[in-house]
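This report refers to the structure that appears directly beneath it.
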Amino acid sequence: MKYGLVYFDKTDNIGDDIQSYAVMHFLPQIDYLIDRERMNEFMGDIKEPVAVVLSGWFLHKKFNWPPSKDIYPFCTSLHFSVNDYMGIGYSFLDGLGGEYLKNYGPIGCRDTSTLEALQKRGIPSYLSGCATLTLSPREKKKNDNYICLVDVSDNVYLKAAAEIQGTGIEIKRMTHAIDYAKNPIEWQARISKVEEFLDIYQNAKCVVTKRLHCALPCLAFKTPVLLLLDTDKDDVSRYSHFVELLNVASTEEYLSGMVDYDLSMPPKNKENYISESKELAEAIREFISQTQNNQLKNSFQIWNETDDTCIIQWQKDLSTRAALYASSQVDVLLRKKNQLEADTFKKITEMSEQYEQDTTVLKQYLSKQEAENKRLNNVIIEKTTDVQRLDDVVLKKEQEILRINHKIQEYEQNIKENEYELLTVNQILHKKEQDIEELNNQITAHKEEIDYWKNILRQVDTFIKYKEENSVSWALFHSKKFKGLKVREKITFIKKIHKKHAKENRYYLEDISAEINNIPNLNSSVYTD
């Protein structure tokens, strides 16, 4: 049995490749890569059934439905979108397109919106979940400390950055946006890119994302994840059912803090997806096992008996309907275009008339402006001359300032030298003042001593004078009274004096010495000297 893998060749979302990668691990080998948008054109190398797990998002080119008869499909994890550019909507699931699904039913639906669309048309179906929930955990690294922000707004990034500031946690900002239409690469390189993304998600501390096929692999890896779902902007039908499996909040709820989700210590994921993941994986393995044993259901033979002409006609009808819708849309667009051109022509005409008026006004203004410019040029010339003159004055002033500064430097140097000399003089004066103060203290002490001795001398003089006036010597040599006496009277006078001092038995000088020694506080050494 040969096996084919469905992928979207010109995808702009790596989530499509992640879904194909999840299915790829169930296949024994990949014999064919089948473009999702051209499955009706697929042909094997030889006429034989090719087993294909038909899953993912369907479909842009809805007029290419149903797939080729060479494909033996297991229809699970399918999402049918009502949105397209051809106006077909869900009508490709009616008629022959619906018969194809009934033939290969029951159909595993990725979400409840798809389940409701199929059941409404009587197509046997059940809720299978997404194939990305079956991804096996990858190698876990212990040293990584980062969170992932995948296709979130700048405001979400700023809030997250503020929340983990100072924790040492890194932010990896990523996007699922790619452009394989303009920049195609080989499938093996695309696989490597998918694995690079999945490794990052596996080892992240937590993930905050707007992408469904980032959130669901994180569930499979048990990486804490928060899905931001904005019902006013996002295709809610794609997320139906998965809001029950994930931690979900709107962008506004996250930014306003209404959701309790700590990025540094994120809560664990819900675990109600586990049974769904196991059942889906088991169903795919059962399909692979049957095909390896060449056990094909009768549905394959029944569909291959369908008239190719009917299929081609049905696809032509879809194409015709799409063409008519496109034609009507083109007609509407052409009407809008013609009206827009008429409105534009009218606006251009009005603008042209206004332009002519504005041009006249502008010319008048420019004429005045030219005259004003000439006047200003003359003023500029005058001012330039003044500026040159002032520059010369400034130059001279600057030279004078330099000279004055030089003088100031000299004066400052002299002041410094004089300050040093003044300091020396002040020190000398201070020393002299201390010496003078000491001399004054000595003079004061000597004055007190001199006054003391003057007082002593006055006492001595008084005593001496008293003694002299009462001594024989004084009588003989100095007394005027004695000199006026007669000889006999003189002898009598001397005898009287002598008699008075006879008892003391001292002479004149001895009397004086004795009296001096009796003077109080008299320094004998001084007297002796």
For the pair D9 and R38, find out whether any cationic side-chain nitrogen is under 4.0 Å from an anionic carboxylate oxygen.
no
Spacing of CG belonging to N405 relative to CD1 belonging to I401, to within rounding of 0.5 Å
7.0 Å
Determine, stepwise, if the pair E286 / Q290 fulfils side-chain hydrogen bond (donor to acceptor under 3.5 Å, both in side chains).
CA-CA 6 Å; E286 178 65 22; Q290 291 174 359; 3.0 Å; yes
Using only atom types and a distance under 3.5 Å, with no angle test, would you say the side chain of Y104 pairs donor to acceptor with the backbone of C75?
no
Under 3.5 Å, sequence neighbours excluded: what are the donor-acceptor pairs made by side chains of residues 43-50?
unit_1: D45; atom_1: OD2; unit_2: Y32; atom_2: OH; d: 3.4
unit_1: K47; atom_1: NZ; unit_2: D70; atom_2: OD1; d: 2.9

Begin with the C-alpha distance, continue with both residues' side-chain angles, and end with the deciding distance and a verdict on side-chain contact (heavy atoms from CB on, under 4.5 Å) for I312 and K316.
CA-CA 6 Å; I312 294 171; K316 282 183 177 180; 3.9 Å; yes
R238: which residues meet the salt bridge (Lys or Arg N to Asp or Glu O under 4.0 Å) condition with it, sequence neighbours left out?
none
D111 side chain to H79 main-chain N or O, any donor-acceptor pair under 3.5 Å?
no
Any ion pair linking D154 and R173 (charged N to carboxylate O, less than 4.0 Å)?
yes
Assess whether salt bridge (charged side-chain N to carboxylate O under 4.0 Å, His left out) is satisfied between E196 and K193, documenting all intermediate values.
CA-CA 5 Å; E196 178 185 340; K193 194 169 185 67; 5.2 Å; no
What about F92 and F80, are their ring centers closer than 6.0 Å?
yes
Taking NZ, NE, NH1 and NH2 as the nitrogens, is one of them in E350 or K347 under 4.0 Å from a carboxylate oxygen of the other?
no
Not counting sequence neighbours, which residues clear salt bridge (Lys or Arg N to Asp or Glu O under 4.0 Å) with D234? List them please.
K210
Taking the six-membered ring for Trp, are H60 and W57 parallel (under 30°), tilted (30 to 60°) or perpendicular (over 60°)?
tilted
Value rounded to 0.5 Å, distance of CG in L27 from CD in Q292
10.0 Å
Does any N or O in the side chain of N293 come within less than 3.5 Å of the main-chain N or O of S289, such that one atom is a donor and the other an acceptor?
yes
